[in-house]
Peer 1: 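I have a structure here, written as structure tokens, and I will follow up with some questions on it.
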2 protein chains.
Amino acid sequence: MTSPREPLTRDRIIDTALHIVDGQGLGRLTMRRLGDALQVEAMAIYHHLPRGKEELLDGLIAHVAALPAAWPRPANGTRPAAGDWRAHLRSWGGAYRARLLDHAGVLPLLMTRRNPTALAETTASLREVLRMAGFLDAAAATGAHTILGYVIGHAALEARATAARRPDDPEEAVDWDHRFAAGLDVVLAGLLTLP
Amino acid sequence: MTSPREPLTRDRIIDTALHIVDGQGLGRLTMRRLGDALQVEAMAIYHHLPRGKEELLDGLIAHVAALPAAWPRPANGTRPAAGDWRAHLRSWGGAYRARLLDHAGVLPLLMTRRNPTALAETTASLREVLRMAGFLDAAAATGAHTILGYVIGHAALEARATAARRPDDPEEAVDWDHRFAAGLDVVLAGLLTLP
DNA sequence: CCCATCGCCTTTACGTAGTAAGGTCCGATC
DNA sequence: GATCGGACCTTACTACGTAAAGGCGATGGG
């Protein structure tokens with residue numbers, strides 16, 4: 001009379017794994033624990049992810065890191081307002097940072113050589129936004145890496161700082177939301193100096 | 001008649017560990033392998049690093065991440081040239097990036113909550129440089145995190161991209177040295193917009 | 001000279017990890 | 001109903017981190 005347990009899926013496995021990482025940290029994500037959470041023996045996972053844990057971790061970072069900065073297609077023939085790219089990148093940056101911090105446990109995986117495509121997609125979308133904003137190709141490529149590097153790096157600094165903080169406020173507290181936004185503005189302002 | 005093996009030291013252990021990580025990757029750094037490299041049983045390491053692998057990894061990132069951007073003390077009473085801070089930060093950034101890429105294997109550790117002090121020192125030194133360059137405290141704090149975030153994040157992007165590259169040049173190659181420098185210039189130029 | 005002590009290292013052993021190899025069960029197809 | 005293939009389970013192996021306790025040579029006091 002136990003509920004018949006919906007079948008295993010690649011997506012369901014990765015979602016559950018992400019849930020474990022968010023709740024207990026990357027170090028506690030093991031195949032056996034993941035199996036338990038899915039009400040399945042650990043070895044069952046290998047039928048859906050033949051490359052085992054490697055593939056699982058690849059799936060995690062793809063799930064977290066792929067958030068393209070799609071320029072909203074302008075409605076019927078109206079041109080996108082030329083000055084909007086900064087506002088657009090500001091809001092994209094905020095969303096990307098929020099996602100990275102929501103899943104801070106996978107941040108270390110972003111530094112490993114795993115899954116090179118997940119970030120490539122995001123980089124390409126940033127480059128495209130800058131190109132459409134009028135930057136030359138070389139400047140757009142530089143700008144894309146500069147922005148993405150800043151967002152990821154700053155998120156990593158935040159994750160470290162907030163994780164290591166004792167709750168009784170040992171040093172002066174930092175308004176990380178504001179600091180991230182201010183730094184992003186610095187980067188976006190600096191882009192104007194590119195040719 | 002075997003050479004009498006110089007005694008174990010905390011520093012020698014960490015140096016050897018770093019050598020293993022650089023040569024074979026973080027995943028192959030194990031206590032037993034480290035013991036072999038030191039010609040010692042694995043458990044001997046615990047006498048010098050009582051907290052075991054945690055302490056070892058902490059030592060690794062302290063060794064890599066602590067490179068303060070010390071402003072060169074001006075020689076006898078000469079004031080530092082006011083405009084030099086950008087050049088100084090450019091060269092510091094290049095050195096920091098080079099070190100991160102030399103030890104790309106420890107980059108994932110920088111993202112974990114380990115050893116909060118190693119980066120704090122570097123951040124403080126950046127803040128100090130900016131303060132001495134005339135920035136207000138708040139702007140210096142923002143600028144320090146912006147610079148450090150960019151440098152770390154960009155180095156991570158580079159490490160990923162170069163590690164995943166097939167040697168036969170699948171996409172157009174990127175001049176990473178130039179791209180990093182250009183992005184750092186973007187950030188430094190953007191700092192001028194801070195109050 | 002002997003023996004107690006201490007610092008450094010080794011031995012042994014336990015629990016947990018990832019996963020290879022093969023087995024089991026069940027629904028679909030002919 | 002026999003066959004078959006996919007989804008899941010069982011067992012077992014190797015490697016890891018490390019707790020616990022043992023050995024062992026140098027040192028210093030009697």
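Here is the naming used below: chain letters follow the sequence lines, and residue numbers restart at 1 for every chain. Worth knowing before you read on, the calculation uses all heavy atoms, side chains too, and leaves out hydrogens, waters and symmetry mates.
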Peer 1: Base, backbone or nothing for each nucleotide of nucleotides 7-15 of chain D, written B, S, -, heavy atoms under 4.0 angstrom, 5' to 3'?
Peer 2: BBSB-----
Peer 1: Give the ring-plane orientation class for A:His154 versus A:Trp176, where under 30° counts as parallel, over 60° as perpendicular and anything between as tilted.
Peer 2: perpendicular
Peer 1: First locate atom CG of A:Leu192, then atom CZ of A:Arg86, and finally report the distance between them rounded to the nearest 0.5 Å.
Peer 2: 5.0 Å
Peer 1: Can you list, by residue number, the residues of residues 15-28 of chain A that have a non-hydrogen atom closer than 4.0 angstrom to DNA chain C?
Peer 2: none
Peer 1: Looking at CD1 of A:Ile45 and CD1 of A:Ile14, how far apart are the two atoms once the value is rounded to the nearest 0.5 Å?
Peer 2: 11.0 Å
Peer 1: For residues 33-60 of chain B, which residue pairs pass the ring-ring contact (aromatic ring centres under 6.0 Å, His included) check, not counting sequence neighbours?
Peer 2: none
Peer 1: Centroid separation under 6.0 Å, is that true for the rings of B:Tyr96 and B:Phe180?
Peer 2: no
Peer 1: Report, as yes or no, whether the 6.0 Å neighbourhood of atom CD on A:Gln24 holds more than 12 heavy atoms from other residues, nucleotides or ligands.
Peer 2: yes
Peer 1: Let me have the donor-acceptor pairs involving side chains of residues 133-149 of chain B, under 3.5 Å, with sequence neighbours excluded, atom names and distances please.
Peer 2:
unit_1	atom_1	unit_2	atom_2	d
B:Thr142	OG1	B:Ala138	O	3.3
B:His145	ND1	A:Arg179	NH1	2.9
B:Thr146	OG1	B:Thr142	O	2.7

Peer 1: For the helix from C:dC1-D:dG30 to C:dC30-D:dG1, what is the angle between the axes at its two ends, each from 5 pairs, rounded to 10°?
Peer 2: 20°
Peer 1: What is the distance, rounded to the nearest whole Å, between atom CG of A:Leu29 and atom P of C:dT16?
Peer 2: 17 Å
Peer 1: Does anything in residues 26-36 of chain A pair up under side chain to side chain donor-acceptor pair (under 3.5 Å), and if so which pairs, sequence neighbours excluded?
Peer 2: none
Peer 1: What pair of heavy atoms forms the shortest contact from A:Val151 to A:Gly93, and how long is it?
Peer 2: CG1-O, 4.3 Å
Peer 1: Would you call B:Lys53 and B:Asp58 a salt bridge, taking side-chain N to carboxylate O under 4.0 Å as the test?
Peer 2: no
